[in-house]
Amino acid sequence: MRVVRVPVLLWENHDGSFTAARLDGADQPAAVASSPREARACLKRWVADQLERDGLDFEELLQPRLVETAVRVRPQYGTSAMRYPGARTIDLKVTGVAGRRRSGLCACSIPILGVRFDYHAEDSLQELVVSQVQATLHGMTPRELSRFLPPRRFWLEEFVVRKTAPATRVEARCPPNLARHAGPLTGRETRQHISRAWERDREVSDLVAALHRQRANVILVGEPGVGKTTLLVEAARKTEELWRKDAAASAGDGRPASRQKFWATTGTRLIAGAPYLGQWQQRCEEIVAELAEIQGYLCVGNLLELVRLGGTGGGDGLAAFFLPHVQRGELRMVTEATPGELDACRRLVPGLAELFHIVPVPALDVGQATRALSRICEQRATALQVAVEPGVPELVSKLFRRFMPYRPMPGPAAGFLAQGIERAVRDRRKTLGTADVQAQFVRETGLPELFLRDDLVLERLTVLARFRARVIGQDKACEVATDLVMTFKAGLNDPGRPVGALLFCGPTGVGKTELARALAQTFFGHLEESRRMVRLDMSEFAGPGSASRLLGDPHGPPGELIRKVRRQPFTVVLLDEIEKADPEVFDVLLGILDEGRLSDTYGRLTTFTSSLIVMTSNLGAAAREAPGFGAAASPSFAGAARAFFRPEFFNRLDAVVTFEPLAPESARRIVSKELAEISRREGLERARLELSWDEALVDRLVEVGFDSRYGARPLQRALESLVIAPLARLLSARPGLRNRRLRVVLRDDGRPEGVMPESRDARDPP
């Protein structure tokens, strides 16, 4: 038995995750996890598995040390035919690891760039790093260079693995390129994370027949989460068993073959670390040759990724490269796609889909999904030694059908159950109950428990009073918001549309945005409302091409709206001043308001059926004498909105909510509410100071803080100058002030004299 010491470079990514990478090769896999310990353990398992299964050797890097180098890179723009250097250079801080091989040669590795080189003289190391990095990054655009910005921090560690002596029976050696750029689909790690394909017996049999007897190329087509990968792994296991039996029978020695036939990879993995022209093409050629030698299958996780990556369009990407190999029968593939992605692939690479056998993977019905969840739950709980209360799978199925009907079963629900069981293990709980499931669902969606439980009663007057206390002087608008909440609580909202599509019309500064915040707090109030609201100023999307900016570049990252809704679909989307948006933006919103769905040019779907869409508009305000304060109500706002928006857009709105101009009494209530919120600020609560005021201060703030044109918007400026600034001066002058009641008073000329300590009802601390 030989002990192998493997040095590892770890770094903390900007998203809070950690990466562990080996240093003995420029083109080796790295492990990413939520903690350094998990990343290192994952990489160690991979190394140990490679040593045990394939006998791959790893050259140790002795005496490794970190090397930091500043490299100046000039980005470039243009096409493949013409390149235009940028006007400015970018200074990158590059961290590598230098050490010595057993042969005596010095070596340097930069895993984050996939660079490794040998050198002789120590004083030439910095210069060599600069030249190697500049050669690797040459010709890249600023967007491409952004992938190599330095992480937060680097450090070195190592782990030890033991290489056992080879077995007496000679095993088939693992194909080297497949080992680097793919992994066995039915390997040990996959078995640990992917369960059986419960309730899919017919689909598994059909897929095994296509793979085993027909040797067909296959595309599994279904919505995300329907179980395509689980179905493929199950069929691959059965197919490999049949092949091993066939090989044993033909050999006549009774010994089955042990070589893996199904190799899983992704488009990103195939081109990773291949910056030079023709490098990834050569790599893929070698992979095709190795698969042909073992008569294996290349399993690509997503067909659309294969189409998009590797070139500037579908015609010169990875899929176009593999197309002639598939046509000639030199390569067999299994891949996955959604129906929308498959249509996009047909358009981008004509003739590709016709070479594959299409296998539809429908979502499980309610009964099948519940039974599958029960089996998955039983299997997972037994492995982790956690008892699951009866009714937990049924509750999970019910919650997903009620609040996420757009998520096909059983994938998301199965992942949710697995997270609950693993959380119970981390919290050292022996049981997972229905209360734990509800608490986990509340954490993930933000929906209060009141909406999840039918036995809890929600009183309409309670909800209405909550809205009226927060949005003062807008009783009709609060009633509309209350009716929306009651409809959602009763489960009578249309599951095929957003939770609501509301247009708030009225003058500025009367509470439209505040009511949107109150809705976010009511619907998704488990977390901070700011995290449950996507707010966009539509005046920024008024020019041509605004729809593309709103959705994001099809060839790059999605826009802010798509990114945030995909990450958290349970949210309020607030579109301020919607009338200022470009007409193309309204065309995009038609699909969102009608079906709660939005597809990009590649068929990738974003769902808005768990979101509440709120739009604000000041249409009609210019025709009023006193738009914001003190004027009588008028129906001009709703009429102006109807005249401005196209009928097909206007008819998709659930309600047009007209906000009234603020009356003087409403203005006084708003001032009192704002003063009460100031008294609860951290600086006063920390010192246990109470704030009080008289009606003269309220009258003064109403006088200077409300405007006929801007409504209540000037109130914050008035509070800052007349209350908060004097209060801050007093606390700065008397830092030891504690346990007092402070009162704001006005001078004879009507200006605040400041915050004066009242008579004590508690002593100052000594």
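Note that the structure is predicted; figures quoted are calculated from it, not measured. What's counted below: heavy atoms across the whole structure, side chains too, no hydrogens, waters or symmetry copies.
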**Message:** Evaluate Arg566 against Thr606 for side-chain hydrogen bond (donor to acceptor under 3.5 Å, both in side chains), listing each step before the verdict.
**Reply:** CA-CA 6 Å; Arg566 284 178 180 174; Thr606 305; 2.9 Å; yes
Give the minimum heavy-atom separation between [X] and [Y], together with the two atoms involved.
| X | Y | answer |
| --- | --- | --- |
| Leu364 | Ala369 | CB-N, 3.8 Å |
| Thr338 | Pro224 | CG2-CD, 3.6 Å |
| Leu211 | Tyr297 | O-OH, 3.6 Å |
| Ile219 | Ala337 | CG2-CB, 4.3 Å |
| Ala182 | Thr265 | CB-CB, 3.8 Å |
| Leu452 | Gln438 | CD1-O, 3.9 Å |

**Criterion side-chain hydrogen bond (donor to acceptor under 3.5 Å, both in side chains) on Thr431 and Glu389, from CA distance to verdict** = CA-CA 7 Å; Thr431 305; Glu389 291 183 356; 6.0 Å; no
[X] bridged to [Y] by N-O distance under 4.0 Å:
| X | Y | result |
| --- | --- | --- |
| Arg402 | Asp454 | no |
| Glu241 | Lys238 | no |
| Arg200 | Glu234 | no |
| Arg423 | Asp436 | no |

Once the angle between the rings of [X] and [Y] is folded into 0 to 90°, is it parallel (under 30°), tilted (30 to 60°) or perpendicular (over 60°)?
| X | Y | result |
| --- | --- | --- |
| Phe416 | Phe400 | perpendicular |
| Phe523 | Phe451 | parallel |
| Phe570 | Phe441 | perpendicular |

Can you confirm whether [X] is buried at [atom1], in the sense that more than 12 heavy atoms of other residues, nucleotides or ligands lie under 6.0 Å from that atom?
| X | atom1 | value |
| --- | --- | --- |
| Arg215 | CZ | yes |
| Lys489 | NZ | yes |
| Arg401 | CZ | yes |

Contact check, side chains of [X] and [Y], non-hydrogen atoms, under 4.5 Å:
| X | Y | answer |
| --- | --- | --- |
| Leu551 | Leu598 | yes |
| Pro176 | Glu290 | yes |
| Leu352 | Val326 | no |
| Leu303 | Glu341 | no |
| Glu422 | Leu384 | yes |
| Trp198 | Ile376 | yes |
| Ile112 | Pro151 | yes |

Are the side chain of [X] and the backbone N or O of [Y] linked by a donor-acceptor pair below 3.5 Å?
| X | Y | answer |
| --- | --- | --- |
| Glu240 | Lys261 | yes |
| Arg283 | Leu270 | yes |
| Asn217 | Met333 | yes |
| Lys228 | Val361 | no |
| Ser397 | Pro393 | no |
| Glu595 | Thr609 | no |

**Request:** Starting at CZ of Arg453, measure out to CG of Leu395 and round the result to the nearest 0.5 Å.
**Result:** 10.5 Å
**Fill in**
Interatomic distance, OG1@Thr239 vs CZ@Arg213, rounded to 0.5 Å, equals 10.0 Å
**Phe322 six-ring face occupied by Arg332 cation (under 6.0 Å, within 45°)** = no
